[in-house]
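To start, the structure itself, in structure tokens.
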Amino acid sequence: MATKVYVGMSGGVDSSLTAALLIEQGYDVVGVYMKNWTQDLPGMRCPWADDLADAKRVAVQLGIDFKVFDFESEYRHKVVDYMIDEYKAGRTPNPDIMCNQEVKFKLFLETALEDGADMIATGHYARVEDGILKVAEDANKDQTYFLYRVTGEALAKTLFPLGDYKKPQVREMAKERGLYTAGKKDSQGICFVGKVGIRDFLSQYVDQTPGDIIDKKSGAVLGRHDGAIFYTLGQRHGLDVGGGLPYYVVGKDMDKNEVYITTDLNDASLWKNTVELSNVHWINEGPQEGTYDIRVRHRAPLVKAHLRYENDIIVLTLENAERAVAAGQSVVLYDNNVCLGGGIVI
RNA sequence: UGGGAUGUCGCCAAGUGGUAAGGCAUCGGCUUUUGGUGCCGACAUUCGGGGGUUCGAAUCCCUCCAUCCCAG
């Protein structure tokens, strides 16, 4: 009997082709739409209904069973609340990493297995080999950064058919197969929520309290903002402060509700040579102390750093300083194209 | 009240007789399954107000207004 694979179909090209390829490879494929978020937000209609329709349409086209898993409550609690709490604490979280950890590769996997699946699959650009996570063939689209919090056990039951292809090929293959979503634009923004600015999203859940924008060097008040919560390290836009050179956020005080800015691109707090990570997660066994490739943000080139353990945290000493590494963001470690795991910036 | 200086797009700032640079901000777009960064494009018929000289002025003259500094 063929292996039964539940494919997470978001209604985009990638997951559509994923399902198609698995069928061609002989798997018994079931399409699943994860209903995680349905709320409209100001200035943006939540795309869930359209996405669901697209996913279903492709499933019909492919002649596979199609299901909808409703994870709205869990998504709200595990991802959105986490995100809001982090921002309230003055940090800058990455909700999509949490979404993968808690929803796609935990809840979805468990639910699928209970429903009779042998494995799950998604349209992520990444590769799994023997339970280890490896970067995608298309280095430009590689999404392992978002997957570093997934467990090796989950990966052992996961397929990423797109990991061996480049995005243009994926589009081409989707077109060749006449998939309904072949020409659909790539999605952006918070996963499932849609293309909405973090500011617009957050402002739905937190109070807007005006505060001062202060020049770090002179201490002068240069402007006002609607809440320090909306600003993050390294940020340039949205300050509404003009005057010759661009200003960048170099810090904030959540208690005083103050945002500190500077025109000095070399400001110490804008660059990190040493990064400490807590909430460390390894996909399999933790690596030994030594030098590894790390990635400080999605799509950033890999850079060298030395890993050292210190109690519950790890300390990375970077070969070259990285810019705007905000607390709450993730740093992911690699060893020869293998994604080892990572942690959250303290 | 004397003496000096300055007033050009929201901000910084070129331009001293030839018909308004540039930067920042802002807005729009691109890149991106997080934040952020970056890239591209748009953005003053008008130069504090009013007169005058001139073929022609933001640039010269007169005057008024405003601001700043030094005196007192």
Side-chain angles (χ1 to χ4, degrees), chain A residues 8 10-15 34 36-37 43 47 51 75 79-80 82-84 86-87 89-104 122-126 136 138-149 160 162 167 170 184-202 213 215 220 222-225 228-252 259 261-263 265 269-272 295-301 322-332 342 344-345:
Chain A
S10 66
V13 224
D14 294 336
S15 56
M34 284 176 247
N36 294 328
W37 189 261
D51 289 341
Y75 184 84
V79 180
V80 177
Y82 156 76
M83 181 172 92
I84 294 168
E86 282 287 287
Y87 269 109
R91 290 191 290 271
T92 309
N94 186 324
D96 290 350
I97 286 173
M98 193 53 66
C99 176
N100 285 328
Q101 173 186 321
E102 296 294 334
V103 180
K104 290 179 186 164
T122 66
H124 281 97
Y125 285 82
D138 189 343
N140 191 45
K141 290 295 288 185
D142 177 65
Q143 291 171 318
T144 50
Y145 177 80
F146 292 104
L147 296 169
Y148 85 94
R149 288 197 154 265
F160 293 138
L162 302 191
K167 181 74 188 197
V170 168
K184 194 170 172 181
K185 194 180 183 307
D186 287 4
S187 67
Q188 296 174 2
I190 305 167
C191 204
F192 294 109
V193 174
K195 187 181 178 179
V196 60
I198 199 69
R199 189 203 181 90
D200 291 331
F201 185 80
L202 269 185
I213 295 177
D215 181 66
L222 298 183
R224 299 280 289 169
H225 65 252
I229 193 171
F230 300 120
Y231 298 85
T232 191
L233 184 62
Q235 182 171 338
R236 167 176 177 174
H237 294 104
L239 295 165
D240 201 17
V241 175
L245 293 170
Y247 281 89
Y248 294 90
V249 173
V250 287
K252 58 180 181 177
V259 172
I261 63 176
T262 187
T263 56
L265 292 172
S269 43
L270 212 46
W271 298 91
K272 275 198 170 79
R295 176 169 281 149
V296 154
R297 56 172 59 80
H298 177 50
R299 283 174 60 78
E322 284 285 323
R323 183 182 182 284
V325 182
Q329 288 283 290
S330 284
V331 174
V332 179
I344 293 174
V345 180

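Quantities reported herein were computed from a predicted structural model and do not represent experimental measurements. Below, chain A is the first sequence line, B the second, and so on; all start at residue 1.
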Under 3.5 Å, is there a donor-acceptor pair between the side chain of A:Arg149 and the main chain of A:Ile97?
no
In terms of the angle between their ring planes, are A:Phe201 and A:Trp37 parallel, tilted or perpendicular, with boundaries placed at 30° and 60°?
tilted
Please compare A:Tyr248 and A:His124 by the position of their nearest nucleotide in RNA chain B and report the one closer to 5'.
A:His124
Interatomic distance at C1', B:A44 relative to B:A21, whole Å
13 Å
Taking the minimum atom-to-atom distance to the side chain of A:Asp240, which one of B:U26, B:U33, B:G35 wins?
B:U26
Looking at B:U31, B:G35, B:G38, which one has an atom nearest to any side-chain atom of A:Ile198?
B:G35
Taking the P atom of each, how far is B:U16 from B:G48, in whole Å?
15 Å
Pairwise C1' distance for B:C11 and B:U54, with rounding to whole Å
35 Å
Start with the C-alpha distance between A:Asn100 and A:His124, add both sets of side-chain angles, then the distance that settles side-chain contact (heavy atoms from CB on, under 4.5 Å), and finish with yes or no.
CA-CA 11 Å; A:Asn100 285 328; A:His124 281 97; 3.6 Å; yes
Rounded distance in Å between the P positions of B:G10 and B:U46:
13 Å
Does a side-chain N or O from A:His237 land closer than 4.0 Å to OP1 or OP2 of B:C24, or not?
no
Tell me what A:Gly238 touches on the nucleic acid: a base, only sugar-phosphate, or nothing, going by heavy atoms under 4.0 Å.
sugar-phosphate
Between the protein and nucleotides 41-44 of chain B, list the N/O to N/O atom pairs that are separated by less than 3.5 angstrom.
none

Ignoring hydrogens and angles, write down the donor-acceptor pairs under 3.5 Å from the side chains of residues 237-251 of chain A, residues two or more places apart or on other chains.
none

Measure OH/A:Tyr231 against C1'/B:U34 and give the value in whole Å, please.
19 Å
Rounded to whole angstrom units, what separation is found between the NZ atom of A:Lys184 and the C1' atom of B:U33?
13 Å
Could you tell me which residues satisfy ring-ring contact (aromatic ring centres under 6.0 Å, His included) with A:Tyr82, sequence neighbours excluded, listed by chain and number?
none
Quick one: does A:Lys272's side chain have a donor or acceptor within less than 3.5 Å of a partner on A:Glu322's backbone?
no
A:His298 atom NE2 is separated from B:U31 atom P, nearest whole Å, by 13 Å
Would you mind reading off the distance between A:Asp138 atom CG and B:U33 atom C1', rounded to a whole angstrom?
14 Å
From B:U34, B:U26, B:G36, nucleotide with atom closest to A:Gln235 side chain:
B:G36
For RNA chain B, whose closest nucleotide is more 5', that of A:Met83 or that of A:Gly234?
A:Met83
Measure CG/A:Asp215 against C1'/B:C24 and give the value in whole Å, please.
14 Å
With both pairing distances under 3.5 angstrom for Watson-Crick or G-U wobble, and | for a partner in another strand, the correct string for RNA chain B is ((((((((.[[[..)..(...]]].(((((.......))))).....[[[[[..)....]]]]]))))))).
With heavy atoms under 4.0 Å as the rule, sort A:Leu239 into base, sugar-phosphate or nothing.
sugar-phosphate
Just to confirm, is there a sub-4.0 Å distance from OP1 or OP2 of B:U33 to any side-chain nitrogen or oxygen of A:Lys141?
yes
What residues form a salt bridge (Lys or Arg N to Asp or Glu O under 4.0 Å) with A:Arg199, not counting sequence neighbours?
A:Asp226
Can you tell me whether the side chain of A:Arg236 and the base of B:G36 have a donor-acceptor pair closer than 3.5 Å?
no
Separation of B:G35 C1' from A:Phe146 CZ (nearest whole Å):
10 Å
Applying ring-ring contact (aromatic ring centres under 6.0 Å, His included), can you list everything that pairs with A:Tyr231, at least two apart in sequence or on another chain?
A:His225
Look for any protein N or O under 3.5 Å of an N or O in nucleotides 5-13 of chain B and output each such pair with its distance, or none.
from: B:C11; atom 1: O2; to: A:Gly243; atom 2: N; distance (Å): 3.2

N/O donor-acceptor pair under 3.5 Å between A:Arg323 side chain and A:Gly234 backbone
yes
Let me know the distance between OH of A:Tyr247 and C1' of B:U26, rounded to the nearest Å.
16 Å
Between B:A14 and B:G7, how far is it from one C1' atom to the other, in whole Å?
16 Å
Rounding to an integer number of Å, can you tell me how far A:Ile261 CD1 sits from B:U37 P?
13 Å
Could you tell me which residues satisfy side chain to side chain donor-acceptor pair (under 3.5 Å) with A:Thr144, sequence neighbours excluded, listed by chain and number?
A:Asp142, A:Tyr334
Integer angstrom distance from the P of B:U26 to that of B:U59:
33 Å
Looking at residues at least two apart in the chain, or sitting in another chain, which of them share a side chain to side chain donor-acceptor pair (under 3.5 Å) with A:Asp14?
A:Tyr125, A:Lys167
Those residues at least two apart in sequence (or on a different chain) that pass side chain to side chain donor-acceptor pair (under 3.5 Å) with A:Glu102 are none
Reckon A:Lys185 has a side-chain N or O less than 4.0 Å from the OP1 or OP2 of B:U31?
yes
Which residues satisfy the ring-ring contact (aromatic ring centres under 6.0 Å, His included) test with A:Phe230, sequence neighbours excluded?
none
When the P atoms of B:C65 and B:A20 are compared, how many Å lie between them, rounded to an integer?
32 Å
Test side chain to side chain donor-acceptor pair (under 3.5 Å) applied to A:Thr263 - qualifying residues, sequence neighbours left out
none
Sticking with atom P, work out how far B:C47 lies from B:A42, rounded to a whole angstrom.
24 Å
Heavy atoms under 4.0 Å, any strand shown: does A:Leu245 hit a base, just sugar-phosphate, or nothing?
sugar-phosphate
